[in-house]
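What you are looking at is a predicted structure, and each value in this text was computed from that prediction instead of being measured. Note: hydrogens, waters and symmetry copies are ignored here, and every other heavy atom, side chains too, is used.
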Amino acid sequence: MAGLEELSREELIALVERLLESNAKLTERVKQLERQVSRDSANSSMPPSTDDLPGRATPAAKPAKRADRKRGKQKGAPGSAMSWAVPDTTVPHRPSGNCGCGADLAFAEDLGVERSHQVHDLPEVRLTVWQHDVHRVRCACGTEHLGSLPDEVPDSPLSYGPNLRSLVVYLLVYQHVPVQRCVQLIADLTGGKGPSGGFVHGMLTRCARAVNEVEAVIRSLITMAHVAGFDETTLRVGPAGSRRRYVLSASTETATVYHLGGRDLDSFADAGILPGFAGIAVHDRYSNYFHSRWENLAGHQACVAHLLRDFADAAETYPDEHWPKQAQRALRGLIKAWHQAREKRLAEIDPRVSGPLITEFDNAVKVGISRVPRVPGPPSSTAQRPGRELLEFCRDRQGDVLRFSGDTRVWPTNNISERNLRPTKTQQKISGRLTSEDITQDRLNIRSYIDTARKQGVNVMTALRQAITGNPWQPALPPPI
């Protein structure tokens, strides 16, 4: 640098101090950026779709599964192969032509079926037009009477039937087909002209109204459950630049409900579950779930899948430390033991199995606390070292981390809720941005109805047809205690 030789000793010292300070800030900034780039679906809550973004390293390969576990269907898993069925149509195939003796085989004696081959296929789709003629009759006494239409037939002169209307809603909500592609798909299937885009879009509101009461019942069922999973994800709704919206979900093994709102306490209350929920809440440790506003909550279960990813991040941050892998090993052992206990219908994991694993986890947390000291300062404005807040949570709320080990009704992970929310992200990728909050809530209400029906073994098209014809499917009520 020109002119350095002209600086005094004091000026040179001041310059070096400024350069050292600037270098320290740049070094810290580089560490922060490297940490941001290193975050992926294996060590954070980021979705797998972000792993391929430019500048991000490929996540480490997952541990190989057991050598004795082969690909494909596992022992005890339900099969999905075709099975022999009672045929709708039987097509005989007799030999034709002449025998070597010259006789016509058409007159040969039939000795029976040698073998049979079944082909499972869909019939050719075509639009069937049903004309409903309403007759007027006159009794011998002179009184005239007018016939009436069935409930499923609209009063308008021209309309689409319940099967086509059910298919429209199924394509829009469950298969995420855009409106115009839905119109084209139906036209291609039926070999004719598809319904209008306005009719297709309008089916969302009509179906949502039809399932409105059922959706309220589903909320009540989840509110009364012993355990429920809660999750939330962003969704682009409204004009560009508008406030961020979230889809909030509440799930059990037999029911699911969705609500469009924010990530604030009032939105959580408006979703209609947490204010009255008196069971165990399984979630990702978001602070709103621990708020005192939910005074009826019986307890929490932190999603262990999230904890495992956070400990994976700690293992990468502190490669020479053993406590992150030790904590992961203990948690994975407890999850495996939980599955085995559930298969045996046990109320809890055998303490002889869970005890050593809990001790191993507890020791890992204690060692981590001693190796990752807290940065002094106000909690709200002081950034802690990676892993410190994770360790404090596991230390201070161990009951909310390991609750599943003492009650097999409680899930160790919130995978059910996360799977339920994935279609929402699929919808966003296809649509880009949903324009109306009201119509988006209609979609979510229909999805609540569909997902709950599927969880309870009901065919989706059947459930939609029942809703559209004015007799919506009702979820099974829990047995009385």
Side-chain angles (χ1 to χ4, degrees), residues 36-37 39-59 62 167-186 188-189 194 197 200-205 207-208 229-251 256-263 267 271 284 286 303 305-306 309 413-452 454-455 460-461 464:
Q36 291 177 10
V37 173
R39 307 285 278 174
D40 54 45
S41 61
N43 58 21
S44 72
S45 298
M46 296 177 66
S49 59
T50 61
D51 291 342
D52 296 329
L53 292 177
R56 294 194 178 276
T58 304
K62 294 183 178 180
L167 177 61
V168 165
V169 177
Y170 175 81
L171 293 174
L172 288 177
V173 178
Y174 197 71
Q175 298 298 344
H176 317 295
V177 179
V179 170
Q180 292 305 318
R181 287 181 62 187
C182 180
V183 171
Q184 189 60 52
L185 188 152
I186 294 175
D188 292 341
L189 279 177
V200 169
H201 194 267
M203 282 305 305
L204 291 171
T205 300
C207 187
F230 297 88
D231 201 5
E232 64 286 333
T233 189
T234 56
L235 186 68
R236 290 192 292 269
V237 180
S242 58
R243 58 178 177 163
R244 178 180 295 183
R245 308 303 286 159
Y246 286 83
V247 176
L248 311 179
S249 74
S251 306
T256 303
V257 72
Y258 303 98
H259 175 75
L260 183 68
R263 211 174 179 221
S267 291
D284 59 3
Y286 179 48
C303 176
H306 283 76
R309 290 195 290 266
T413 71
N414 201 23
N415 291 344
I416 289 178
S417 301
E418 293 190 1
R419 283 196 300 267
N420 290 338
L421 277 179
R422 280 176 197 155
T424 303
K425 308 305 289 186
T426 302
Q427 179 70 62
Q428 179 173 280
K429 289 180 180 179
I430 293 172
S431 303
R433 180 177 293 277
L434 300 172
T435 56
S436 167
E437 291 191 15
D438 291 337
I439 298 299
T440 300
Q441 185 62 62
D442 287 342
R443 284 180 178 270
L444 295 175
N445 290 346
I446 298 170
R447 186 83 199 197
S448 300
Y449 175 78
I450 288 176
D451 285 0
T452 302
R454 282 190 71 91
K455 285 183 175 183
V460 172
M461 289 297 294
L464 287 174

For [X] and [Y], work out which heavy atoms get closest and say how close.
| X | Y | answer |
| --- | --- | --- |
| N445 | Y258 | OD1-O, 4.3 Å |
| A250 | F230 | CB-CE2, 3.8 Å |
| K455 | T256 | NZ-OG1, 2.6 Å |
| Q441 | L260 | OE1-N, 2.9 Å |
| L172 | R443 | O-NH1, 3.2 Å |
| R236 | Q428 | N-OE1, 2.7 Å |

Would you check if [X] and [Y] make a side-chain contact, meaning some heavy-atom pair closer than 4.5 Å?
| X | Y | value |
| --- | --- | --- |
| D451 | Y174 | yes |
| D284 | N414 | no |
| L444 | H259 | no |
| L235 | Q427 | no |

From [X] [atom1] over to [Y] [atom2], what is the distance, rounded to the nearest 0.5 angstrom?
| X | Y | atom1 | atom2 | answer |
| --- | --- | --- | --- | --- |
| R447 | D442 | CZ | CG | 15.0 Å |
| T413 | E418 | OG1 | CD | 7.5 Å |
| M203 | I446 | CE | CD1 | 8.0 Å |
| T424 | H176 | OG1 | NE2 | 7.5 Å |
| R263 | T233 | CZ | OG1 | 9.5 Å |
| L434 | R245 | CG | CZ | 12.5 Å |

Hey, is CZ on R454 packed in by over 12 heavy atoms from elsewhere, all under 6.0 Å?
->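 No, CZ of R454 has 12 or fewer neighbouring heavy atoms, counting only those of other groups under 6.0 Å.
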Q: Please say which of V200, V173, L464 ends up in a side chain to side chain contact (heavy atoms under 4.5 Å, CB included) with V168.
A: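 It is V200, the one option of V200, V173, L464 that forms the side chain to side chain contact (heavy atoms under 4.5 Å, CB included) with V168.
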Quiz item: When you check the side-chain N and O atoms of S249 and N420, is any donor under 3.5 Å from an acceptor?
Solution: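 No, no side-chain donor-acceptor contact under 3.5 Å.
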